[in-house]
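Proteins come first, then strands; the chains are lettered A, B, ... in the order of their sequence lines, and each starts at number 1. Below, each value reflects all heavy atoms present in this structure, side chains not excepted, and no hydrogens, waters or symmetry copies.
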Amino acid sequence: MTLTSQIKHAAQDAFKHLYPDVSIDIATILVNQTKPEFTGDYTIVLFPFLKLLKQKPDVIGKQLGDFLTEKTELFAAYDIVSGFLNLTVRDNYWVSFLLNNYADAHYGEKSKTDRRVMVEYSSPNTNKPLHFGHLRNIFLGAAMSEILRATGNQVVKANLINDRGIHICKSMIAWMRYANGATPEQAGVKGDHLVGDYYVKFNDVYKEEIKQLVAAGTEEKAAEKEAPIMKDAQDLLRKWEAGDKEVYGLWQKMNGWVYEGFDDTYKTLGITFDKVYHESDTYLLGKKIVEEGLAKGVLFKKEDGSVWIDLKEDGLDEKLLLRGDGTSVYMTQDLGTAKLKYEEFKLDQSVYVIADEQNYHLQVLKLIMKRLGEPCADGIYHLSYGMVELPTGRMKSREGTVVDADDMAGEMVRLAREQTESAGKTEGFNADELTKLYETIALGALKFYLLRVDPKKKMIFDPKESIDLHGYTATFIQYAHARICSILRKENVPMAPGASRFQSFEQATDLAPLEKSIILTLEQYSSVLSESADEFNPSSICNYAFQLAQLFNTFYDAHSISKAESEEKKELRLIIIVMTASVLRHAMRLMGIALPEKM
RNA sequence: GGCCCGGUAGCUCAGCUGGAUAGAGCACCAGCCUUCUAAGCUGGGGGUCAUUGGUUCGAAUCCAAUCCGGGUCACCA
């Protein structure tokens with residue numbers, strides 16, 4: 001049980017003894033960390049009890065404070081300041097907390113349950129390489145998966161690859177026309193980039209053709225439909241759906257290039273999946289669900305044969321589920337995939353990491369499943385995040401106005417090298433170690449940059465400003481960790497000492513304020529972790545880890561560890577920094593960020 | 001226009017289940033390396049928490065209205 005909930009229960013208990021006739025709901029007991037300008041560790045706010053107990057705050061505070069200090073083992077002292085009861089927790093609570101948990105590499109986690117959760121993220125189209133916006137999606141999904149795993153869930157990390165449709169055909173037709181059979185090897189370009197180049201090429205040609213048609217007197221809208229390259233692309237899609245061998249072969253070949261490129265990028269980023277779905281496999285599944293819905297009378301058919309659902313009762317509109325010609329739309333596929341996932345993995349929850357522009361789509365998806373009586377409906381959760389924009393506006397692959405993910409990763413490595421070299425910190429590393437270090441710093445900075453912000457907020461990234469390696473960054477946390485490791489090396493204490501290492505420690509002197517602050521912060525980690533899982537928000541963990549690192553740096557500056565005032569203090573501080581490093585590693589591992597032992 | 005999300009320091013963001021004098025980072029200014037890694041630490045300036053009204057002992061936080069920015073409401077995905 002966390003300390004704050006222990007305090008709440010203790011206070012509730014105290015009220016039961018002091019005021020047997022009044023019942024106090026535990027939810028009305030508000031326990032906050034005491035502000036630094038007052039003495040105390042945790043504060044109980046007394047105002048909510050005034051009316052219930054018909055007493056003045058000072059009286060209630062004194063009764064509660066006396067009871068808590070005398071009848072429980074938790075508190076050493078209390079202080080009442082204008083309606084706030086500030087409680088000082090006994091040093092021996094902090095010390096035994098530390099001794100009980102420092103050796104636990106899983107400290108903060110919840111015990112495993114049978115709850116099964118799938119997190120779907122990345123979900124790329126195969127007509128272009130990944131860009132900076134996709135990175136937010138990928139890092140969020142990966143981090144959320146780890147957070148959910150650490151809070152007791154069985155997690156399946158899934159990637160749904162959108163490998164079919166008109167957008168792929170656009171790249172294909174441009175490649176057929178202009179590439180002269182070029183392969184990634186011949187062109188010396190990553191496969192996803194090569195295909196992406198032809199996607200951009202398609203749009204250039206398409207625009208040019210429209211321009212010409214308009215110049216020849218065609219209306220703009222008609223020209224958009226009649227442009228030869230667009231007609232060719234549509235023709236390609238029809239052939240693909242009909243199973244044309246040649247088209248299918250090209251599609252496989254080009255997708256293969258893209259997958260190789262993606263795999264490369266995922267590998268660089270340290271991203272993995274447990275399950276990969278392809279829309280080319282799943283896109284027909286939804287049709288069956290639609291037919292069943294028709295039979296049940298939940299859906300209806302219009303004269304042209306198209307199938308719809310009426311969502312007016314829920315304040316929404318009519319929504320198309322199947323075209324008149326029987327082909328499926330985006331929603332149809334998603335219905336099928338949702339059911340497939342649910343049945344394949346017996347999911348309690350299915351998390352979709354998708355940008356907020358699709359809020360409506362996901363709302364409708366869930367609602368339709370509910371109306372159809374599909375059991376998967378309740379578990380659908382949309383982890384909606386704001387888009388990453390450039391100062392000039394949204395990133396658009398087809399216009400080439402994107403910050404490419406591979407470029408960005410490379411740029412970050414360059415930056416990490418530059419700053420390490422100029423700080424003169426390359427000593428004691430060989431070339432391989434340095435390469436590894438630069439990658440660790442670069443990737444950490446990138447992930448932290450995208451994860452430290454509340455997912456629902458949109459971000460603007462200015463490529464002209466490089467991502468910082470100072471201040472509120474992963475580098476800061478990595479640096480604090482490296483400093484701890486350096487001390488531990490000198491003192492011959494392993495990074496993860498066993499529970500027996502400090503068995504004989506006995507506290508002889510009072511805790512210094514900074515010693516206590518760190519332990520208090522360490523104690524809060526499990527709450528932060530659960531909150532982050534409940535809110536689907538990794539940024540609170542970033543925030544926490546930064547605070548802890550910052551606190552350590554202050555502590556480091558104020559108190560020597562190796563040359564502590566006494567052996568007892570030295571032991572205590574060693575335990576504190578061991579656990580600090582361990583919690584930092586744990587928190588950052590959830591974010592997919594590694595902490596070097598030396599930097 | 002309907003619905004959804006956002007608006008807090010010059011910039012980027014915490015804080016939002018109501019609680020004490022609203023916090024970080026960047027940038028700016030002033031200090032701190034014969035002592036465990038200065039990618040660090042200490043201090044300083046900088047705020048009408050978009051606006052107005054309401055609820056309350058108490059509002060950045062809750063409610064209502066308004067303003068600003070974005071998204072979405074496709075037989076695109």
Base, sugar-phosphate, or nothing for [X], non-hydrogen atoms under 4.0 angstrom?
X: L322(A); value: nothing
X: I441(A); value: base
X: T327(A); value: nothing
X: V45(A); value: base
X: H559(A); value: base
X: Q363(A); value: nothing
X: T473(A); value: nothing
X: D534(A); value: nothing
X: M387(A); value: nothing
X: R394(A); value: sugar-phosphate
X: K570(A); value: nothing

Backbone N or O of [Y] within a donor-acceptor pair of the [X] side chain at under 3.5 Å?
X: T332(A); Y: L321(A); result: yes
X: T401(A); Y: K396(A); result: yes
X: H559(A); Y: Y556(A); result: no
X: H481(A); Y: E597(A); result: no

| Base-pairing assignment for rA24(B) (Watson-Crick or G-U wobble, both under 3.5 Å) | rU12(B)

Could you measure between the two [atom1] atoms, the one in [N] and the one in [M], and give it in whole Å?
N: rU56(B); M: rC63(B); atom1: P; result: 16 Å
N: rA30(B); M: rU21(B); atom1: P; result: 33 Å
N: rG47(B); M: rG7(B); atom1: C1'; result: 15 Å
N: rC5(B); M: rC41(B); atom1: P; result: 37 Å
N: rU55(B); M: rC16(B); atom1: P; result: 25 Å
N: rU52(B); M: rU12(B); atom1: C1'; result: 29 Å
N: rG6(B); M: rC62(B); atom1: P; result: 10 Å
N: rU51(B); M: rU8(B); atom1: C1'; result: 14 Å

Nearest to the [X] side chain among [options], which nucleotide is it?
X: F47(A); options: rU72(B), rG19(B), rC4(B); answer: rG19(B)
X: R323(A); options: rC76(B), rC41(B), rG71(B); answer: rC76(B)
X: T34(A); options: rU35(B), rC4(B), rA20(B); answer: rA20(B)
X: A482(A); options: rA20(B), rA39(B), rU37(B); answer: rU37(B)
X: L469(A); options: rA39(B), rA38(B), rA24(B); answer: rA39(B)
X: Y330(A); options: rA77(B), rC73(B), rC75(B); answer: rA77(B)
X: T554(A); options: rC36(B), rC41(B), rC26(B); answer: rC41(B)
X: V329(A); options: rG19(B), rC4(B), rA77(B); answer: rA77(B)
X: D304(A); options: rA39(B), rC4(B), rC75(B); answer: rC75(B)
X: K458(A); options: rG69(B), rC4(B), rU42(B); answer: rG69(B)

In whole Å, what is the span from the [atom1] atom of [X] to the [atom2] atom of [N]?
X: M459(A); N: rC13(B); atom1: CE; atom2: P; result: 6 Å
X: Y199(A); N: rA77(B); atom1: OH; atom2: P; result: 12 Å
X: F476(A); N: rA24(B); atom1: CZ; atom2: C1'; result: 10 Å
X: E357(A); N: rG6(B); atom1: CD; atom2: C1'; result: 16 Å
X: M599(A); N: rC36(B); atom1: CE; atom2: P; result: 18 Å

| message | I want to check something: taking the side chain as every heavy atom from C-beta on, are L320(A) and V307(A) in contact at a cut-off of under 4.5 Å? | response | no

| message | Quick check: do T337(A) and L285(A) have side-chain heavy atoms less than 4.5 Å from each other? | response | no

Please check the phosphate of [N] (OP1 and OP2 only) for any side-chain N or O of [X] closer than 4.0 Å.
X: H470(A); N: rG40(B); answer: yes
X: Q547(A); N: rG23(B); answer: no
X: S486(A); N: rU37(B); answer: yes
X: Y360(A); N: rU72(B); answer: no
X: Y544(A); N: rA14(B); answer: no

| message | Checking E439(A) against R417(A) for the salt bridge (charged side-chain N to carboxylate O under 4.0 Å, His left out) test, could you report, in this order, the C-alpha distance in whole Å, the side-chain angles of both residues, the deciding distance, and whether it holds? | response | CA-CA 9 Å; E439(A) 281 167 5; R417(A) 186 178 59 234; over 6 Å; no

Do the ring planes of [X] and [Y] sit parallel (below 30°), tilted (30 to 60°) or perpendicular (above 60°)?
X: F536(A); Y: Y381(A); answer: parallel
X: F47(A); Y: F84(A); answer: perpendicular
X: F476(A); Y: F546(A); answer: tilted
X: F448(A); Y: Y472(A); answer: perpendicular

| task | Would you kindly compare D468(A) and N553(A) by the position of their nearest RNA chain B nucleotide and give the one closer to the 5′ end? | result | D468(A)

| Hey, which of these two, A416(A) or K35(A), hits RNA chain B nearer its 5' end, going by closest nucleotide? | K35(A)

Could I get a table of every N or O pair under 3.5 Å where one atom is in the protein and the other is in nucleotides 15-17 of chain B?
none

| message | According to a cutoff of under 5.5 Å between the ring centres and under 30° between the ring planes, does F38(A) stack with the base of rA20(B)? | response | yes

| task | Tell me whether F84(A) is stacked on the nucleobase of rG19(B), counting only the six-membered base ring and applying the 5.5 Å and 30° thresholds. | result | no

| said: Quiz question: going by heavy-atom distance under 3.5 Å, is there a donor-acceptor pair between the base of rU37(B) and the side chain of K598(A)? | reply: no

| said: Quick check: any donor-acceptor pair below 3.5 Å linking the side-chain of N127(A) to the base of rA77(B)? | reply: no

| message | I'd like to know whether N125(A) forms a side chain to side chain donor-acceptor pair (under 3.5 Å) with N162(A), so could you lay out the CA-CA distance, the side-chain angles of the two residues, the decisive distance to 0.1 Å, and finally the verdict. | response | CA-CA 5 Å; N125(A) 290 348; N162(A) 185 3; 2.8 Å; yes

| Torsion-based syn/anti label for rC5(B), 90° from 0 as limit | anti

